[in-house]
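All remarks here apply to the structure that follows.
Given the structure is predicted, the values throughout are model-derived calculations rather than measurements.
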Amino acid sequence: MQARIDGITHKGEGVARINGKAVFIPFALPGEEVELDITEEKKNYAYGRLEKIIHPSPARTTPLCSHYYTCGGCSFQHVDYEEELQLKKRIVTDAVTRIGKIEARINEVERSSKPYRYRNKVTWHVAKGRLGYYRAESRELVPIDDCLLIKEDMAKISRKIGFILKEIAHEGQGEIIVRQSSYNGKIMLICDLPSLEPEKILSRLKEDVDGIYIKQKNRLIHFYGDLYLEEKIGANIFRLSPGSFFQVNQEQNEKIISFIQSYLNLTGKETLLDAYCGVGSIGISLAGRAAKVLGIENNREAVKNAEYNAHYNRLNNCRFLAGDCEKILPVLNEKFDMVIVDPPRSGLKKEVIASLIKAAPQKIAYVSCNPATLARDLNLIQASGYIIEEIKPFDMFSKTYHVECVAGIRRID
Ligand SMILES: C[S@@+](CC[C@H](N)C(=O)[O-])C[C@H]1O[C@@H](n2cnc3c(N)ncnc32)[C@H](O)[C@@H]1O
């Protein structure tokens, strides 16, 4: 059947209305006239497979990656970069109006200077002696040993890992994480291959990487070389343990921190809460302009890194608490002038929102990698005496449907 695409889902699929029902069609673009087959029919919506493009969008391009249509990693390689940014703005706007039911100024998406080869971390799946990604919505391995989103050096080492796995006909299943510092280029491997004698593969990789960890029974055991990775934000150096979170796109990470800095406009007198602080990247970057910073984070290794990072960068106004924000904040009984929250994709728990409202900060910078949970939380925050001044999307995950946002929120006095 034929249809005109007039919308986009949060996962970047085209949306057509057929007999009053929304049909989601992967790889179709708004404005296109397409031929499709219905592949799955539900009560209120359906899925379609793109069979033919009758009138292509002028923004349609040829994907650079030969795995694009099978690997589940990217969703926007078939569209030019300008349109990708517009579609991401539309995804954020849809979430804010449909889920959040709020009105807020949504700025243009901050473009990245490198839509490819920006990622400093990749998680490879291993099965049947091959390295790869899982097919979209499945656990089926698509054998790949390069990805156009990861840095060149990481691609080189990934190809070597793929070669060794094939050569030794490794049978087990597992995961290999490759991380590279954007500051000094050093590479760390984290291997979770339960059925493999580590030496068999890892000793052959020592010359190519700077540090190796092995995951055994849920613990990371140091195997070789450097214990930490280092990153730099502004003038500060940050140490990260292998399991500590760090944003995957350092160029965009720095822009986000600058945006938060100018939004909060600290004068040096304010108390600042950095909730979900990781290794302290945002709070420590702003500590020079604040009276006091408190970071909260539930990964104990990351908290140790944050404490070290504050000390190493000669900041003596930062303190960190290890634990869940939803447990610590309700009993903290401290007031803050300014707050940063940067939760995982699931967003803020109700207890966290209630505690923030009680702490009554003048401004909140809410960093989010999920427009849907951001919109849900902004609805509650707005209903409690705050105004959403602006939402700034950042293209942190180019070529994928993911988009990072910072919401600037101000107390109404
Ligand atoms: C999106 S990351 C942000 C980290 C940091 N702000 C940054 O920019 O690098 C979210 C962080 O929250 C931590 N986290 C997840 N759930 C948490 C919780 N319930 N309480 C405290 N921290 C949590 C994760 O370990 C992770 O470091």
The side-chain hydrogen bond (donor to acceptor under 3.5 Å, both in side chains) partners of Arg376 (sequence neighbours excluded) come to none
Listed by chain and number, what are the side-chain contact (heavy atoms from CB on, under 4.5 Å) partners of Thr93, not counting sequence neighbours?
Lys89, Ile106
According to the salt bridge (Lys or Arg N to Asp or Glu O under 4.0 Å) rule, which pairs have a member within residues 379-391, sequence neighbours left out?
Arg105-Glu390, Glu389-Arg410
So does Lys88 pair up with Glu84, basic N to acidic O under 4.0 Å?
yes
With sequence neighbours excluded, tell me which residues meet side-chain contact (heavy atoms from CB on, under 4.5 Å) with Ser346.
Pro344
Is it true that Arg117 and Asp146 have a side-chain N and a carboxylate O under 4.0 angstrom from each other?
yes
Can you tell me which residue pairs pass the side chain to side chain donor-acceptor pair (under 3.5 Å) test with a partner in residues 218-236, sequence neighbours excluded?
Lys186-Asp226
Can you name the nearest heavy-atom pair linking Ala365 to Ile260, along with the distance?
CB-CG2, 3.9 Å
Hey, can you pull the donor-acceptor pairs under 3.5 Å for the side chains in residues 67-74, sequence neighbours left out?
| residue | atom | partner | partner atom | Å |
| --- | --- | --- | --- | --- |
| Tyr68 | OH | Ser75 | O | 2.9 |
| Tyr68 | OH | Phe76 | N | 3.3 |
| Tyr68 | OH | Gln77 | N | 3.1 |
| Tyr68 | OH | His78 | ND1 | 2.7 |
| Thr70 | OG1 | His67 | O | 3.1 |

Summary of ring-ring contact (aromatic ring centres under 6.0 Å, His included) pairs that have at least one residue in residues 311-338, sequence neighbours excluded
Tyr308-Tyr312
Note: Tyr263 and Lys363 closest approach over all heavy atoms is O-NZ, 2.8 Å
If you count the non-hydrogen atoms of other residues, nucleotides and ligands that lie under 6.0 Å from CZ in Arg300, is the total more than 12?
no
Under the rule for ring pair (Phe, Tyr, Trp, His ring centres under 6.0 Å), what residues qualify as partners of Phe24, not counting sequence neighbours?
Tyr45, Tyr47
Between Arg111 and Glu82, does at least one N-O distance fall below 4.0 Å, as a salt bridge requires?
yes
Residues which pass side-chain contact (heavy atoms from CB on, under 4.5 Å) with Ile38, listed by chain and number, not counting sequence neighbours:
Met1, Val23, Leu36, Glu41, Ala46
Which pairs count as salt bridge (Lys or Arg N to Asp or Glu O under 4.0 Å) when at least one residue sits in residues 304-321, sequence neighbours excluded?
Glu301-Lys304, Arg319-Glu334
So, using ring pair (Phe, Tyr, Trp, His ring centres under 6.0 Å) as the criterion, who are the partners of His125 when residues are at least two apart?
Tyr134
Can you tell me which residue pairs pass the ring-ring contact (aromatic ring centres under 6.0 Å, His included) test with a partner in residues 364-395, sequence neighbours excluded?
Phe259-Phe394
